[in-house]
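Below, all heavy atoms of this structure are taken into account, side chains as well, without hydrogens, waters or symmetry copies. Please read all numbers here as calculations on a predicted model, not as lab measurements. Remember, it's 1-based here, ligands and their atoms both numbered in the order they're listed.
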Amino acid sequence: MRFTRLRLNGFKSFVDPGELLIGDGLTGVVGPNGCGKSNLVEALRWVMGETRPTAMRGEGMEDVIFAGAAGRPARAFAEVVLVIDNAERRAPAGFNDADRLEIARRISRDGGSTYRANGREVRARDVAVLFADAGSGALSPSLVRQGQVAELVAARPRARRRVLEDAAGIAGLYARRQEAEARLAATEENLARAAEVVEALRARIAGLAREARAAARYRTIAAALREAEGLLLLVRWQAAEAARVAAAAVAGAALARVGAAEAAALARGREREAAEAGLPAAREEATVAAAIVARLEAERAGLEAEVERAEAAAQAAAAALAQIDADLAREEGLDRDAGATEARLAGEALGLSRAAPGEERRLAAAAAAARAAAADLEGREGALAALTEDAAALAARHGEAERQRAEAGAAAAAAADAASRARRAAAEAAAGEARAAAAAAAAEVAREGGQARAGVAEAGLAEAEAALAEAVGREGVARAARASGEGEQAALAAEALALARLLARAPGPGPALVDLVTVAAGFEAALGAALGEDLEAPPATAATPVGWETLAPAADAPPPPLPAAAEPLAPRVGGAPALARRLAQTGVVAAADGPGLQAALRPGQRLVSREGDLWRWDGFRAAAGSQQATTALRLTQLNRLAAVREDLAGAEARAAGAAAAHRLLTARAAECAAAEAAARDTRREADR
Ligand code: ATP
């Protein structure tokens, strides 16, 4: 191995990159004290893997980094590169792939050292082996520093051996051997640990096999349980689906009824509107009838006045007629007087004619008197005729007046009739109006009453709806509680059934003691360890070849006492008097205490832990889980079965209670629903 260059960068006093050429032959470095000659040798040792800061004249390895000087700040890293001529390819494998080998070591203040060979990162150990193979290296005596020759002369044999090994070129082998020995030791340690692990695993395999069998049984049972639960859920789902369909049908019918009722309410509303629309016409009719009555009253008053006037005219005509009659009687008297006078005058004329001449004169006088009388008569007859005309006119006027009177009477009667009809009509109209007003008032009262009832009904409906919502909510809670209770009951029943099946045995000569004893929870493994397969034997009878005899306690020699730290197992076990002697000599201790107490056991005594460890007086011991786990498992399962049956009884009672509560709340919800429907009807009725 031939060094050709040494490059330094930031190493100690070599703050700037610098290179030392090492040529053929002897290369020397000359300089004054403190110029850095020793730093070059240290750089050589450092790059070859020096690990001791003291060998670098520092307290820590970071001290090799340029620490700063006047006007030059400190550097963050230092690097030394040693260039080796490998043209002969004598470097060890892994470094021997180039003619030139560049070994670099770099250190930073916070990152530690890294090594590279031809730019590839390598381990410090590989670099140390590389130089050791070449009889060099950080610790090699071939690097001689000041005073080292004297040290070698006075060195101990071990140090001299190092010089010889370097000279023989086996220092690398030595380093490799150390590494191989370290690896061998580590491998042996690993092997020992692996053997321990194998032992531990072997011990666990038996337990795991039992657990695997139990797990397989558990899987079978769990699958059956899941299937049963699935069936239960299916049945519940079907029932719920049927209930949903029925409820939907009921809801549909109820909706139809609601629609019909709303349609009817609409129709009644329209009728009411129509009736209200007819009211103004009736009122108008009543007003018209009242006007007609007033007009007829006025006509009747006019006709009565006319009747009075006609009666007055008739009276006047009657008076005129009486006057005419009196005048006629008077004229007739006058007429009679004139006839009498005419007869008297005719008599006188006759007397006169007889009285002769003298009579002529009297005759002439009489004739003149007669003419005067005739003229008078004529005048009177003319007056009579006039009077007769007057009388006829009066009679005609009287007739006319009578007719008018009759007409007036008829008109008055007609008017009275019309008036009475009008009065009746008015009365009827008034009665109708009164009836209409009364009906309107009654309708108003009814409307107000209806409104009040509608308000009350609305409040009642709100109450009923709230009660229904509350009842439905409580029913839902109760249903959930019932389902939960029934689920819990079903789960416990399934577990009890599964445990009972698991614990069922083929019919034998008698019940095994394991099925007769009772053991406190937590002591199953202890009892299983204490008795093992002996518990599988039945109480002894004449027919059983193997079994437990119940023996009285030995009267002469009381059993030796158990160690003080041991708790007797007997009080934890019941139901098997045959076990009294065995249990009296069995104590329960903490698992850690058993080994220490085993030696103190007296003949026949044994100690167990709650985990299932066993220590027997004769030196036999068995760790928990290594044997008799079947008996302990059966005891645990028996205890679990008893606990499950107890829980099941409670769960059944709770489920029954929850079912009863659910039924009650279902009935209450139905009542509330009926009350709500009734309240809804009441409100609709009130609205209508
Ligand atoms: P001598 O002949 O007395 O042995 P030398 O020529 O061998 O001396 P060195 O001892 O190699 O000299 O160098 C010492 C110099 O290196 C000192 O000046 C010291 O200040 C400097 N030096 C050492 N370490 C560092 C460092 N980390 N940073 C800066 N300078 C350093």
For atom 21 (C) of ligand 1, what is the closest protein heavy atom, and at what distance to 0.1 Å?
Ser13 CB, 4.0 Å
Of all protein heavy atoms, the one nearest atom 28 (N) of ligand 1 is Ala67 N, 3.1 Å
Does Gly68 reach ligand 1, in the sense of a heavy atom lying below 4.0 Å from it?
no
Looking only at protein heavy atoms, identify the closest one to atom 24 (N) of ligand 1 and say how far it is in Å.
Lys12 CD, 3.7 Å
May I ask you to check if Arg123 and Tyr115 form a cation-pi contact, with NZ or CZ under 6.0 angstrom from the six-membered ring centre and within 45° of the axis?
no
Partner residues of Glu79 under the side chain to side chain donor-acceptor pair (under 3.5 Å) criterion, sequence neighbours left out
Arg116
May I ask which of Asn33, Val64, Val15 has a heavy atom nearer to atom 2 (O) of ligand 1 than the others do?
Asn33
Residue and atom name of the nearest protein heavy atom (relative to atom 16 (O) of ligand 1), distance in Å to one decimal
Asn39 ND2, 3.2 Å
List the closest protein heavy-atom neighbour of atom 27 (N) of ligand 1: residue, atom name, distance to the nearest 0.1 Å.
Asp63 O, 3.1 Å
Does a salt bridge link Arg100 with Glu102, judged by any charged N lying under 4.0 Å from a carboxylate O?
yes
Is it true that a side-chain atom of Arg105 and a backbone atom of Glu50 form a donor plus acceptor pair closer than 3.5 Å?
yes
Contacting atoms of ligand 1, where contact means under 4.0 angstrom from a heavy atom of Pro32
6 (O)
Shortest heavy-atom approach to atom 10 (O) of ligand 1 - which of Arg57, Arg75, Lys37:
Arg57
Quick one: does Asn86's side chain have a donor or acceptor within less than 3.5 Å of a partner on Ala98's backbone?
yes
Work out whether the distance between some heavy atom of Ile65 and some atom of ligand 1 is less than 4.0 Å.
yes
For atom 29 (C) of ligand 1, closest protein heavy-atom neighbour:
Phe66 CD1, 3.5 Å
Determine, for Asp16 against Arg75, whether the closest basic-nitrogen to carboxylate-oxygen distance falls under 4.0 angstrom.
no
A quick test of your reading: do over 12 heavy atoms of other residues, nucleotides or ligands sit less than 6.0 Å from CD of Glu227?
no
Salt-bridge present (Arg90, Asp133; N to O < 4.0 Å):
no
Gln585 (side chain) donor-acceptor with Pro560 (main chain) under 3.5 angstrom:
yes
Interfacing atoms of ligand 1 (cut-off 4.0 Å, heavy-atom, Gly36)
5 (P), 6 (O), 9 (P), 11 (O), 12 (O), 13 (O)
Please write down residue, atom name and distance for the protein heavy atom closest to atom 15 (C) of ligand 1.
Gly34 O, 3.6 Å
